[in-house]
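Notes for the one structure printed next.
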Number of protein chains: 2
Amino acid sequence: MAKSAKFDRQQVIDKATALYWQKGFHATSMRHLQDIVDMRPGSIYAAFGSKEGLFKETLQNYKQAGMSQLAECRANSQSPITALKMFMRKLVIEASHDAPSGICMLAKTVAELTDEHQALLNEARRLLCEMEHAFQQLIAEAQELGEIDQSKDPARLAAHIQVQISGLRIYGKLHAGDALLEATLEQMIDDVFAYHPFSLFCP
Amino acid sequence: MAKSAKFDRQQVIDKATALYWQKGFHATSMRHLQDIVDMRPGSIYAAFGSKEGLFKETLQNYKQAGMSQLAECRANSQSPITALKMFMRKLVIEASHDAPSGICMLAKTVAELTDEHQALLNEARRLLCEMEHAFQQLIAEAQELGEIDQSKDPARLAAHIQVQISGLRIYGKLHAGDALLEATLEQMIDDVFAYHPFSLFCP
DNA sequence: GAACAAATTGAACGATCGTTCAATATATTT
DNA sequence: AAATATATTGAACGATCGTTCAATTTGTTC
């Protein structure tokens, strides 16, 4: 045995996640990263391998945080649909003020990267698909509880949620600052669950 | 008088648009741009001022092309709703194979940029809002024709379209390569107009 | 065809990029 | 306390970044 690393790996990844999330992969420099996490280049490269390696870990960290939030919403809700709605509100409305970027980090990465960084692009895709799958499970649970028609395809509904979240978050950054933005977003989120394909009463 | 520029400005802007659209603002280098448009740095800077200046022109060019496409859809359709649906299909489905990026260049720019490039970010916002306004006009026309309930707010419906387009295009790049992707996208576009808030029959 | 004006060229600028590595510091083990 | 092993440091690397500008080319005017 010899000395062990003195930095807190999770804290470093959290700080790196915030910076990457805010600026995107290409606009984030290793210099800036070094300042934010207060480590010298050698230490960072020893711990994470490369700019891409660190980015990949932040993507996974971001997804894990999202999963935790979703689980927390479920724990604090009586029904899976209420949980999903609460989760959407957190992402779309709260995140539009506080978060490093109004946009989902995974969606932003999918939008930013090209074949030139296939590995990272695929990782972001994979993680976002896992989020979609978590939505699907929540929807299946809602079907068992009779909150959603059993005949509907949970994968379809999960895809619908995915589309709404991405679209609403882009829309939120597009109209950031507008007086009526929050009310509009609230309304649109409510509508997602009040009408097709989620409503029991509307075909 | 003296000699006039020998390059075709529109051709140059078109090529620059494609590159910026594909790679994003930060990942596009002036070197690469020089190769693509076959001009030396001095000429580019004389004509466009800076990397940001050229990017701004490509944003405007991209929006103009989008407006033309929308007008073409309207000209080839009997109803404004059909035109809107045709436009969405072009953007979401065709663009997912051919286009430099599956994502709308304006939405991608809104997602990518931060306060650090306020001017460009605001320009992308402004242009995307103009697209939204064009949707709104088409929707108002549909209301006059009785295709949509007069009581509904055209701005609301236009916002809904904006959200769907952004969301679907992200979703398309997320699931690029999936066998059933196209069918899913087709279905989702049809559903946008078959149910709330567009349908006459569903509340 | 000489004089002029604008367009084009390409070498070069300083700054910053991601990354490396020999030197040094510091825990743990013997 | 000496030996060992790993972590940390920070200067430095070559490459590339966006941009500039003196020199040159080229078309127009007189």
Side-chain angles (χ1 to χ4, degrees), chain A residues 1-13 15-59 109 112-121 123, chain B residues 1-13 15-59 109 112-121 123:
Chain A
M1 272 276 277
K3 74 182 277 203
S4 58
K6 77 163 190 246
F7 67 89
D8 181 328
R9 192 176 178 94
Q10 185 59 46
Q11 265 184 34
V12 166
I13 292 180
K15 286 177 181 170
T17 302
L19 188 62
Y20 271 131
W21 184 9
Q22 180 194 112
K23 311 195 66 168
F25 176 74
H26 282 108
T28 302
S29 72
M30 290 303 288
R31 291 304 201 318
H32 197 170
L33 236 10
Q34 288 159 32
D35 295 343
I36 289 285
V37 305
D38 192 29
M39 288 170 70
R40 265 32 68 198
S43 299
I44 296 181
Y45 278 84
F48 302 101
S50 66
K51 186 186 182 187
E52 305 200 4
L54 177 53
F55 187 68
K56 188 174 174 183
E57 289 217 35
T58 67
L59 288 178
T109 301
E112 179 185 3
L113 299 185
T114 65
D115 305 339
E116 241 167 294
H117 297 84
Q118 273 264 357
L120 288 178
L121 174 55
E123 182 66 6
Chain B
M1 273 276 276
K3 74 183 278 205
S4 57
K6 78 163 188 244
F7 67 89
D8 181 329
R9 192 176 178 94
Q10 185 58 45
Q11 266 184 33
V12 166
I13 291 180
K15 286 177 182 171
T17 303
L19 188 63
Y20 271 130
W21 184 8
Q22 181 194 111
K23 311 197 64 166
F25 177 73
H26 283 108
T28 301
S29 72
M30 290 303 287
R31 292 299 195 332
H32 197 170
L33 236 10
Q34 288 160 32
D35 295 343
I36 289 285
V37 306
D38 192 29
M39 287 171 71
R40 264 34 66 198
S43 299
I44 296 181
Y45 279 82
F48 302 100
S50 66
K51 187 187 181 185
E52 305 201 5
L54 177 53
F55 187 68
K56 187 173 174 183
E57 289 218 33
T58 67
L59 288 177
T109 300
E112 179 186 3
L113 298 185
T114 65
D115 305 340
E116 241 167 294
H117 296 84
Q118 274 263 358
L120 288 178
L121 175 55
E123 181 66 7

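Values reported hereafter were calculated over all heavy atoms of this structure, with side chains retained and with hydrogens, waters and symmetry mates removed. Note on naming: letters A, B, ... go to the chains in the order of the sequence lines (proteins, then strands), and numbering restarts at 1 for each one.
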| query | Any side-chain N or O of B:Ser29 less than 4.0 Å from the OP1 or OP2 oxygen of D:dC17? | reply | yes
Please report the interatomic distance [atom1]([X]) to [atom2]([Y]), rounded to the nearest 0.5 Å.
X: A:Leu59; Y: A:Ile13; atom1: CG; atom2: CD1; result: 11.5 Å
X: B:Thr58; Y: B:Phe25; atom1: OG1; atom2: CZ; result: 9.5 Å
X: B:Leu120; Y: B:Thr109; atom1: CG; atom2: OG1; result: 8.5 Å
X: B:Thr28; Y: B:Trp21; atom1: OG1; atom2: CH2; result: 13.5 Å
X: A:Lys6; Y: A:Met39; atom1: NZ; atom2: CE; result: 9.0 Å
X: B:Gln22; Y: A:Glu116; atom1: CD; atom2: CD; result: 7.5 Å

| request: Classify the nucleic acid contact of B:Glu52 as base, sugar-phosphate or nothing, counting any heavy atom under 4.0 Å across all strands shown. | output: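 Since no nucleic acid heavy atom lies under 4.0 Å of B:Glu52, the category is nothing.
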How many Å lie between [atom1] on [X] and [atom2] on [N], as a whole number?
X: B:Leu33; N: D:dC17; atom1: CG; atom2: P; answer: 11 Å
X: A:Leu54; N: C:dC17; atom1: CG; atom2: C1'; answer: 16 Å
X: B:Phe48; N: C:dA7; atom1: CZ; atom2: P; answer: 13 Å
X: B:Lys51; N: C:dT16; atom1: NZ; atom2: C1'; answer: 13 Å
X: B:Met39; N: C:dA6; atom1: CE; atom2: C1'; answer: 14 Å
X: B:Arg40; N: D:dG18; atom1: CZ; atom2: P; answer: 17 Å
X: B:Phe55; N: D:dT19; atom1: CZ; atom2: C1'; answer: 19 Å
X: B:Ile44; N: D:dT19; atom1: CD1; atom2: P; answer: 11 Å

| remark: Taking C:dC17, C:dT8, C:dT19 as options, the one with an atom nearest any side-chain atom of B:Lys6 is C:dT8
| message | Each nucleotide in nucleotides 20-30 of chain D should get exactly one letter: B, S or -. Can you fill that in based on protein heavy atoms under 4.0 Å? | response | BB----BSSS-
Every protein N/O lying under 3.5 Å from an N/O of nucleotides 13-15 of chain C:
none

| said: So, using side chain to side chain donor-acceptor pair (under 3.5 Å) as the criterion, who are the partners of A:Arg9 when residues are at least two apart? | reply: A:Glu57
| field | Residue pair A:Met30 / A:Tyr45, side-chain heavy-atom distance below 4.5 Å | value | yes
| query | Is it true that A:Asp38 and A:Arg40 make a salt bridge, defined as a side-chain N closer than 4.0 Å to a carboxylate O? | reply |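 Salt bridge between A:Asp38 and A:Arg40, a charged N being under 4.0 Å from a carboxylate O: yes.
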